[in-house]
Amino acid sequence: MKSLLTLSDLSVDEVYGILDQAELFRSGMNYPCNGKIVANLFFEPSTRTHYSFESAELHLGFGILNFSPEASSMKKGETFYDTVKTFESMGVSALVIRHVENEYYKQISNVKVPILNAGDGTGNHPTQSLLDLLTIRQEFGKFEGLNIAIVGDVKHSRVAHTNFEIFKRLGMNTYYACPETYRDDTIAASPITLDEAVENMDVVMLLRVQHERHQIAQNMTEAEYNTLYGMNAKRLEKMKKDAIIMHPGPYNRGAELTDEIVECDRSRIFKQINNGVYVRMAVLKRAVE
Ligand code: CP
């Protein structure tokens, strides 16, 4: 049974193993899981993660249970723990779980079904980081020595927290640029201005402004935010040759990026989404083999 809760639980070799498996799936490898059932339990909204897990499950032939908290016995007071135990008792082969609470998985540590963490609060988003890594490796063929800046709402971002840890372990030079209120001093990265990032980085990774997690509402308009911390046509011109722009999505158009950035030549946003399917096929295979 191989859960995937955080990438810090994995060795570098295991991370490479998942990326290599994802590439095999991208090349058309088949791994039939017919007869097995996966349950997707999303306690927080999601488009990319939920439906790319579901696409991955369909490609592998799993039966799929899509759980909706709003239409479940949780509305009658059933707890998170008892909900998960219910799916375990049904004999599912893996549980894909997104939850608003950091480290929700500690509440269900006695469950004997592999848990694939689809995002926990501001904590971790391991499959997002894996698809980011796959995208970066496809672009540059390596990680060692690459310069990467994560820009924006670092403090509230599980993507940033997971990525900084694994980027550093893979030998990348990590930087961040963000408003003071979004700073997080626990991360393994050096501060940089956005303009320095734009001119010097191989990868500029933008983050969504996560309004739903803010205690105090952001006091800038989207246009003001973009001028200070967002990508736009003016900054695009200043990027290094071969540098790319990434964003885990969903994005706030006009804030962290303007319309012309979303589908520009340097944007890998849709490549990231595509890679998400293969990475999730790889972690599902690992969970049930
Ligand atoms: N990147 C990401 O986790 O997007 P969703 O919230 O749409 O799953």
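Numbering of ligands and ligand atoms starts at 1, following listing order. On a predicted model such as this, the values are computed, not experimentally measured, just so you know.
Ring planes of Phe42 and His50: parallel class, angle under 30° (limits at 30 and 60°).
Atom NZ of Lys155 sits in a sparse spot, with 12 or fewer heavy atoms from other residues, nucleotides or ligands closer than 6.0 Å.
Cation-pi check for Arg280 over Phe53 is met; the charged atom lies under 6.0 angstrom from the ring centroid and within 45 degrees of its normal.
Taking the six-membered ring for Trp and the full ring otherwise, Phe25 and His59 have centroids separated by 6.0 Å or more.
In terms of protein heavy atoms, atom 4 (O) of ligand 1 is closest to Arg48 NE, 3.2 Å. Nearest protein neighbour of atom 6 (O) of ligand 1, counting heavy atoms only, is Arg98 NH1, 2.9 Å.
Ligand 1 has no N or O atom lying under 3.5 Å from any N or O atom of Pro250, backbone or side chain.
Heavy-atom minimum distance, Thr83 versus Glu78: OG1-CG, 3.9 Å.
Here the shortest heavy-atom distance to atom 7 (O) of ligand 1, taken over Thr49, Val159, Asp132, Thr47, belongs to Thr47. Across the listed options Gln128, His247, His125, His125 owns the non-hydrogen atom lying nearest to atom 3 (O) of ligand 1.
Residue-ligand proximity: Gly119 is placed with every non-hydrogen atom at 4.0 Å or more from ligand 1.
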